[in-house]
Amino acid sequence: MNIVFRDVSFCYSNGVQALSSVSVSIDGLEPVAVVGKNGSGKTTLLKHLNGMLSPTKGQVCINGVDVTTRATAEWAQSIGYVFQNPDDQLFLESVRAELEFGPKQIGLDHVEIRHRVDVISKLIGLEDVLDCNPYDLSPSEKKFCAFGSVLTMRPSILVLDEPTCGQDARDLDRLADIIARLQDAGCLVMAVSHDMRFVARWFPQLIVMCEGAVLAAGETHNLLMQKDLLERACVLPPPVTQVALGAGIRSPVSSVAELIRSVEQGRNDK
Ligand SMILES: Nc1ncnc2c1ncn2[C@@H]1O[C@H](COP(=O)(O)OP(=O)(O)OP(=O)(O)O)[C@@H](O)[C@H]1O
């Protein structure tokens, strides 16, 4: 997978300049998180991936294809977008209908649709509530239903807006499992998130934004050690990284295991 944002600017109709000359590229399938303070342009950036928004200036290309050269409906078949609030996404009378909707729209036969609903409903943990109305689900189940409605399309890029919001520890494990499986299946997962623990653990690639610009992009474990960069973006690294930075450790630390290793290494070096 190759995504290129080339000198992209975007201005909303009310005059808000949400992106200013953003140039960044993404290569491969390692999950990418976009972080930065509220209003820094994270969601606006990712909404350019399926043509929901089009650059006021510049160009977004996916595998060499300019996004604006195809209709949003066409991109929707290969680029899934899961909104922060599932109520903005779910509109049908049952979980099953939500999961079937996309595949039906692209004319898949009923055997294939049933197969996809079977596989995805188990993956998202909703196989026992397929006939329930999504509005009767818990907030977390609703969120997984929204994931599922996109996953049955087998997207090649999945964009998640604040996926961990309102999820408990078990949900986070399920989410992490889904992200890992998608990578194995050849899907690039990109997420907007303020949850730096989750980002540090499951997103090896990071884009750091501030005031409509990309401040840095690269490997998460390296960028998380750049105190000045994160301060500029108003991003707090996860607690374990803060401990490492406070202790003057320079090697990347984004997990307790890495912290222990770095401390032991420091002792051995003395
Ligand atoms: N539909 C819209 N119309 C007008 N302005 C908007 C719209 N959506 C976002 N904005 C503005 O564009 C800027 C960037 O917003 P965006 O939602 O992309 O930021 P964000 O980094 O995703 O923020 P958050 O972390 O709060 O979700 C902000 O100033 C925001 O108020």
Side-chain angles (χ1 to χ4, degrees), residues 3-26 31-60 62 67-68 72 75-76 79-91 139-140 142-143 146-147 150 157-167 171-172 175 179 188-203 205-218 220 223-224 226 228-238:
I3 300 173
V4 179
F5 290 85
R6 199 171 288 123
D7 199 24
V8 173
S9 295
F10 181 79
C11 188
Y12 283 100
S13 55
N14 62 355
V16 172
Q17 184 73 38
L19 297 177
S20 306
S21 299
V22 168
S23 290
V24 67
S25 59
I26 295 142
V32 180
V34 185
V35 300
K37 72 172 172 182
N38 292 112
S40 57
K42 306 179 294 293
T43 300
T44 303
L45 182 79
L46 295 191
K47 280 186 173 171
H48 278 73
L49 285 177
N50 62 357
M52 247 189 287
L53 297 176
S54 298
T56 316
K57 194 188 97 195
Q59 191 184 38
V60 182
I62 298 176
V67 172
T68 57
T72 307
W75 285 116
I79 299 167
Y81 193 103
V82 182
F83 290 89
Q84 178 170 359
N85 182 354
D87 291 340
D88 293 339
Q89 192 145 359
L90 304 173
F91 64 104
S140 160
K142 270 193 204 173
K143 203 139 182 153
F147 290 151
V150 169
I157 300 175
L158 177 69
V159 179
L160 305 171
D161 200 339
E162 294 293 355
T164 64
C165 212
Q167 309 280 49
D171 300 328
L172 294 184
L175 183 57
I179 292 171
L188 170 67
V189 179
M190 298 189 70
V192 166
S193 183
H194 288 279
D195 184 342
M196 293 307 292
R197 280 187 209 219
F198 195 76
V199 165
R201 180 121 191 249
W202 302 111
F203 289 82
Q205 297 292 323
L206 195 66
I207 294 175
V208 182
M209 294 195 69
C210 177
E211 293 173 5
V214 168
L215 292 186
T220 304
L223 295 183
L224 286 182
Q226 298 189 25
D228 293 347
L229 167 76
L230 298 185
E231 268 172 22
R232 228 181 118 199
C234 301
V235 169
L236 259 187

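Throughout, numbering of the chain's residues begins at 1 and tracks the sequence. Ligands are counted one by one from 1 in listed order, and the atoms in each one are counted from 1 as well.
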Side chains of Met190 and Leu46 in contact at under 4.5 Å (non-hydrogen atoms) |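 Side-chain contact under 4.5 Å: yes.
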Please name all residues satisfying side chain to side chain contact (heavy atoms under 4.5 Å, CB included) with Thr56, sequence neighbours left out, ordered by chain then number.
->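 Phe10, Cys11.
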Can a donor-acceptor pair be found between the side chains of Asp7 and Ser21 at a distance below 3.5 Å?
->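 A donor-acceptor contact under 3.5 Å links the two side chains.
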Would you find more than 12 non-hydrogen atoms of other residues, nucleotides or ligands less than 6.0 Å from Gln59 atom CD?
->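 Counting neighbours around CD of Gln59, more than 12 heavy atoms of other residues, nucleotides or ligands fall under 6.0 Å, so yes.
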What residues come within 4.0 Å of ligand 1, counting heavy atoms only?
-> Tyr12, Asn14, Val16, Ala18, Lys37, Asn38, Gly39, Ser40, Gly41, Lys42, Thr43, Thr44, His194
Partner residues of Phe147 under the ring pair (Phe, Tyr, Trp, His ring centres under 6.0 Å) criterion, sequence neighbours left out =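 Residues passing ring pair (Phe, Tyr, Trp, His ring centres under 6.0 Å) with Phe147: Phe144.
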Can you list every salt bridge (charged side-chain N to carboxylate O under 4.0 Å, His left out) pair that touches residues 9-20, not counting sequence neighbours?
->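 Output for this query is empty, none listed.
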